[in-house]
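No experiment lies behind these values; they were computed from the predicted model shown. Below, all heavy atoms of this structure are taken into account, side chains as well, without hydrogens, waters or symmetry copies.
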Amino acid sequence: QVQLVESGGGLVQAGDSLNLSCTASELTFGRYVMGWFRQAPKRGREFVASIGGGGGMKDYADSVKGRFIISRDNANNMVNLQMSSLKPEDTAVYYCSAATQRTYDSYSSYSRPSKYEFWGRGTQVTVSA
């Protein structure tokens with residue numbers, strides 16, 4: 001059974017940094033695009049960042065470009081999200097997700113939640129003003 005387990009969330013102040021990690025099990029990790037999404041109260045699930053199976057392709061939401069960095073460690077089945085210059089509007093539950101990478105798909109399509117087959121339970125990030 002595939003499991004994605006997020007860690008690293010917490011309460012920080014605006015301007016601080018935080019690193020999220022996600023560990024995957026029962027998954028041929030390198031075959032999957034890994035994504036981070038977030039959901040704030042009363043809002044839909046929002047794309048944050050994604051990274052291709054080999055680590056070369058990356059995509060970011062405009063709202064986090066220049067502040068967040070996604071990376072992956074295929075040897076340890078982990079994907080990380082380094083978040084810096086955090087803002088109160090970054091407050092949300094952050095979810096790790098996995099999508100089968102298909103060569104015929106445009107990479108930008110992996111910003112859609114519907115592309116992802118597996119999801120973690122999420123980790124709360126709260127940024128105070």
Side-chain angles (χ1 to χ4, degrees):
Q1 183 176 350
V2 173
Q3 281 194 313
L4 302 177
V5 180
E6 303 95 338
S7 61
L11 171 63
V12 297
Q13 293 186 328
D16 283 352
S17 299
L18 203 59
N19 293 329
L20 304 184
S21 294
C22 171
T23 301
S25 58
E26 304 299 328
L27 199 67
T28 308
F29 193 68
R31 294 182 181 177
Y32 287 81
V33 173
M34 299 302 295
W36 285 97
F37 289 78
R38 66 188 182 186
Q39 189 164 12
K42 301 182 181 179
R43 297 188 65 174
R45 196 158 292 192
E46 175 190 22
F47 171 72
V48 176
S50 66
I51 184 167
M57 298 288 288
K58 298 179 185 181
D59 191 18
Y60 296 93
D62 287 343
S63 58
V64 307
K65 277 181 183 175
R67 301 189 298 122
F68 290 12
I69 299 174
I70 190 170
S71 61
R72 66 189 294 158
D73 177 356
N74 284 359
N76 292 296
N77 285 14
M78 288 182 65
V79 60
N80 302 299
L81 186 69
Q82 295 174 259
M83 305 186 295
S84 60
S85 302
L86 283 161
K87 305 174 182 179
E89 51 262 44
D90 293 319
T91 295
V93 177
Y94 283 71
Y95 295 93
C96 174
S97 55
T100 301
Q101 185 161 5
R102 305 185 193 282
T103 55
Y104 52 79
D105 281 341
S106 65
Y107 192 72
S108 61
S109 68
Y110 293 101
S111 64
R112 301 197 299 258
S114 60
K115 293 290 289 183
Y116 291 80
E117 300 145 71
F118 304 107
W119 293 85
R121 294 189 173 185
T123 185
Q124 176 71 46
V125 172
T126 303
V127 184
S128 63

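Counting heavy atoms from C-beta outward, V48 and Y95 have side chains that stay 4.5 Å or more apart. For the pair L81 and I69, the minimum side-chain heavy-atom distance is 4.5 Å or more. For the pair L11 and Q124, the minimum side-chain heavy-atom distance is 4.5 Å or more. At least one side-chain heavy atom of K115 sits under 4.5 Å from a side-chain heavy atom of D105. Here the side chains of V12 and T126 are not in contact, with every heavy-atom distance at 4.5 Å or above. In this structure, Y116 and F37 have side chains that are in contact, with non-hydrogen atoms separated by less than 4.5 Å. Put simply, the side chain of R67 reaches to within 4.5 Å of the side chain of D90, judged on heavy atoms. At least one side-chain heavy atom of Y110 sits less than 4.5 Å from a side-chain heavy atom of Q101.
Among pairs with a residue in residues 44-63, those fulfilling salt bridge (charged side-chain N to carboxylate O under 4.0 Å, His left out) read R38-E46, D62-K65, at least two apart in sequence or across chains. Screening residues 22-129 for disulfide (SG to SG under 2.5 Å) gives C22-C96 as the qualifying pairs, with residues at least two apart or on separate chains. Identified under the side-chain hydrogen bond (donor to acceptor under 3.5 Å, both in side chains) test for residues 4-28, with sequence neighbours left out: S21-N80.
Residues V64 and F47 fall into different hydrophobic clusters, defined by Ile, Leu, Val, Met, Phe, Trp and Tyr side chains chained together at heavy-atom separations under 4.5 Å. In the hydrophobic clustering of ILVMFWY residues, with side-chain heavy atoms under 4.5 Å counting as a link, I70 and V33 come out apart. Taken together through direct or relayed side-chain contacts under 4.5 Å among Ile, Leu, Val, Met, Phe, Trp and Tyr, W119 and V79 form parts of separate hydrophobic clusters.
Side-chain atoms of E89 and T91 include no donor-acceptor pair closer than 3.5 Å. Between the side chains of S50 and Y107, at least one donor-acceptor pair of N or O atoms lies under 3.5 Å.
To the nearest 0.5 Å, atoms CG (D73) and CE (M78) are separated by 7.0 Å. Atom CZ of F118 and atom OH of Y32 lie 4.5 Å apart (nearest 0.5 Å). Interatomic distance, CE of M83 versus CH2 of W36, reported as 8.0 Å (0.5 Å rounding). In this structure, Y94 OH and T123 OG1 are separated by 10.5 Å, a value rounded to the nearest 0.5 Å. A distance of 9.5 Å separates CE of M34 from CG of N74, quoted to the nearest 0.5 Å.
The two residues S97 and L4 come nearest to each other via the heavy atoms CA-CD1, 3.7 Å. Between A14 and P88, the closest heavy-atom pair is CB-CD, 4.1 Å. Of all the heavy atoms in A98 and L27, the pair that sits closest is CB-CD2, 4.0 Å.
A side-chain donor-acceptor contact under 3.5 Å links R72 to the backbone of F29. At distances below 3.5 Å, at least one donor-acceptor pair connects side-chain atoms of E117 with backbone N or O atoms of T100.
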